[in-house]
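Some notes on the structure that comes next.
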Amino acid sequence: MTIEVRRRVYEKVSARLKASGTPFDDDPQFRSAVEEWINGAIDIGELRRRYLDIQRARTRLSDHGAD
């Protein structure tokens with residue numbers, strides 16, 4: 001898959017989610033990982049892993065802040 005195709009895929013998915021009112025992640029760490037995927041530096045599995053790591057870290061922070 002080329003850089004152009006990956007970018008179009010991301011833009012299409014992002015636009016569809018935003019149009020449906022589904023919150024989409026604009027976190028700088030996630031956006032950085034997306035750019036790495038678009039540029040071919042990481043595969044989609046690694047992008048997914050990083051996204052899940054970010055979500056887990058947020059959950060830990062919010063759980064800790066609730067104390």
Side-chain angles (χ1 to χ4, degrees):
M1 192 180 304
T2 66
I3 289 172
E4 293 80 14
V5 170
R6 284 189 188 102
R7 187 166 304 283
R8 282 194 307 265
V9 166
Y10 173 74
E11 289 170 354
K12 187 175 181 179
V13 169
S14 177
R16 191 176 332 140
L17 289 170
K18 287 177 183 178
S20 72
T22 302
F24 195 66
D25 209 322
D26 287 330
D27 179 280
Q29 284 182 302
F30 177 65
R31 292 301 309 261
S32 176
V34 166
E35 286 301 319
E36 288 185 60
W37 174 73
I38 287 171
N39 290 316
I42 62 173
D43 64 20
I44 196 69
E46 177 64 13
L47 177 60
R48 182 178 186 278
R49 186 192 67 73
R50 291 185 189 186
Y51 179 76
L52 293 173
D53 287 348
I54 291 165
Q55 292 301 316
R56 280 191 283 272
R58 284 183 185 163
T59 299
R60 282 191 302 271
L61 285 174
S62 68
D63 288 349
H64 180 67
D67 290 344

Arg58 atom CZ: more than 12 heavy-atom contacts under 6.0 Å: yes
Shortest non-hydrogen contact between Leu17 and Ser20, atoms and distance: O-OG, 2.9 Å
Working to the nearest 0.5 Å, report the span between CD of Glu11 and CD1 of Ile38. 7.0 Å
May I ask you to test the Glu36-Glu46 pair for a side-chain heavy-atom distance under 4.5 Å? no
Step by step, would you call Gln29 with Asp53 a side-chain contact (heavy atoms from CB on, under 4.5 Å)? CA-CA 10 Å; Gln29 284 182 302; Asp53 287 348; over 6 Å; no
Is there a donor-acceptor pair under 3.5 Å between the side chain of Asp43 and the backbone N or O of Gly45? yes
Please walk me through it: do Arg8 and Val5 pass side-chain contact (heavy atoms from CB on, under 4.5 Å)? CA-CA 5 Å; Arg8 282 194 307 265; Val5 170; 3.4 Å; yes
Rounded to the nearest 0.5 Å, how far apart are OG1 of Thr59 and CD1 of Ile54? 12.0 Å
With side-chain contact (heavy atoms from CB on, under 4.5 Å) as the test, would you mind laying out the steps for Val9 and Trp37 before giving the verdict? CA-CA 11 Å; Val9 166; Trp37 174 73; 4.1 Å; yes
Is the shortest heavy-atom distance from the side chain of Arg6 to the side chain of Glu35 under 4.5 Å? no
Do Gln55 and Asp27 come within less than 4.5 Å of each other through their side chains, counting heavy atoms only? no
Closest contact, heavy atoms only, Ala33 versus Ile42: O-CD1, 3.5 Å
Any side-chain heavy-atom pair of Arg31 and Tyr10 under 4.5 Å: yes
